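Just below is one structure, and these are the notes that go with it.
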Amino acid sequence: MTYRELIEKAYEAMEFAYTPYSHFKVGAALLTESGKVYTGCNIEIASFGATNCAERTALFKAVSEGEHHFKAIAVVSSSRDFTYPCGICRQAIVEFGKDIDIIVAKEYDYEVYKIDDLLPKSFTSIDIKY
Ligand code: THU
């Protein structure tokens, strides 16, 4: 699976975005270490705080099927600009490691980051002292 192919999967998932309020569509495709892909879209709820981002939809689908080891996540949106993961999604991504490639894409271009670029000095499990 190339990163271009992963981006294409994210665009396919974006088609399912449920966005009656913002009309802003986001798609994500998460590649596991074993080569499986889990996709996600944003899902908006009338009580806005219950809305779920595309990245977390993909991540939660994967984790709910036993996956914990990820290689990359591609994120695309209906915007002409890059869409970077929101703060909550950054926190959810770092939960599963700092080596995941975060691919932020638009139609003919993409950028690749590590979570330390997007969420420096993060709070993770090693900071929880019992
Ligand atoms: N959204 C995502 O799906 N991912 C992000 O990282 C940024 C924001 C969604 C949530 C909401 O449905 C819409 O974009 C506008 O905030």
Side-chain angles (χ1 to χ4, degrees):
M1 167 78 44
T2 66
Y3 283 177
R4 279 260 165 241
E5 289 168 334
L6 196 64
I7 291 165
E8 198 46 51
K9 295 273 185 205
Y11 273 115
E12 286 170 22
M14 192 183 85
E15 295 299 313
F16 297 118
Y18 176 76
T19 58
Y21 308 106
S22 76
H23 304 289
F24 185 78
K25 296 183 182 299
V26 185
L30 179 65
L31 179 64
T32 69
E33 289 284 6
S34 61
K36 281 183 75 174
V37 176
Y38 290 84
T39 58
C41 62
N42 53 332
I43 302 165
E44 296 182 345
I45 305 297
S47 177
F48 299 156
T51 290
N52 209 56
C53 291
E55 299 91 318
R56 277 175 293 132
T57 302
L59 195 58
F60 294 168
K61 281 171 67 180
V63 174
S64 71
E65 295 192 18
E67 303 282 356
H68 288 186
H69 302 289
F70 306 111
K71 190 171 160 51
I73 183 166
V75 185
V76 303
S77 80
S78 52
S79 164
R80 295 175 62 186
D81 296 322
F82 289 119
T83 294
Y84 298 91
C86 80
I88 297 173
C89 290
R90 292 176 197 207
Q91 186 70 45
I93 291 167
V94 78
E95 181 71 24
F96 296 95
K98 294 194 170 187
D99 214 34
I100 301 167
D101 280 335
I102 300 164
I103 304 156
V104 180
K106 55 186 182 183
E107 209 53 60
Y108 298 107
D109 200 6
Y110 68 88
E111 301 172 340
V112 183
Y113 297 94
K114 295 291 188 189
I115 196 66
D116 269 341
D117 302 319
L118 304 180
L119 190 69
K121 300 187 189 301
S122 56
F123 180 83
T124 66
S125 59
I126 58 168
D127 299 303
I128 298 178
K129 309 278 191 286
Y130 295 98

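Remember, predicted model here, so these are calculated numbers, not experimental data. Both ligands and their constituent atoms are indexed starting at 1 by order of listing.
Summary of contacts: the protein heavy atom closest to atom 7 (C) of ligand 1 is Cys86 CB, 4.1 Å. For atom 1 (N) of ligand 1, the nearest protein heavy atom (residue, atom name, distance) is Cys53 SG, 3.6 Å. Closest to atom 14 (O) of ligand 1 among all protein heavy atoms lies Phe24 CD2, 3.4 Å. Taking atom 3 (O) of ligand 1 as the reference point, the nearest protein heavy-atom neighbour is Ala54 N, 3.0 Å. Here the heavy atom of the protein found nearest to atom 12 (O) of ligand 1 is Glu44 OE2, 2.5 Å.
Protein heavy atoms all stay at least 4.0 Å away from atom 16 (O) of ligand 1.
Neither the backbone nor the side chain of Tyr21 has a heavy atom within less than 4.0 Å of ligand 1. Residue-level proximity to ligand 1 for Val75 is absent, since no heavy atom of it falls below 4.0 angstrom.
A salt bridge does not link Asp101 with Lys71: every distance from a Lys NZ or Arg NE/NH1/NH2 to an Asp or Glu carboxylate oxygen is 4.0 Å or more.
Every atom of ligand 1 with a heavy atom of Asn42 under 4.0 Å away is listed here by number and element: 3 (O), 9 (C), 11 (C), 12 (O), 13 (C), 14 (O). Those atoms of ligand 1 with a heavy atom of Glu55 less than 4.0 angstrom away are 2 (C), 3 (O), 4 (N), 5 (C), 6 (O).
Relative to the six-membered ring of Phe82, Lys106 meets both conditions, a distance below 6.0 Å and an angle of at most 45° to the axis.
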query = For Thr39 and Lys9, what are the C-alpha separation, side-chain angles and deciding distance, and is it a side chain to side chain donor-acceptor pair (under 3.5 Å)?
reply = CA-CA 7 Å; Thr39 58; Lys9 295 273 185 205; over 6 Å; no
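Side-chain atoms of Arg90 come within 3.5 Å of backbone N or O of Pro85 as a donor-acceptor pair.
For Tyr3, the OH atom sits in a packed shell: over 12 heavy atoms of surrounding residues, nucleotides or ligands are nearer than 6.0 Å.
When hydrophobic clusters are built by joining Ile, Leu, Val, Met, Phe, Trp and Tyr residues whose side-chain heavy atoms come closer than 4.5 Å, directly or via intermediates, Leu119 is grouped together with Val104.
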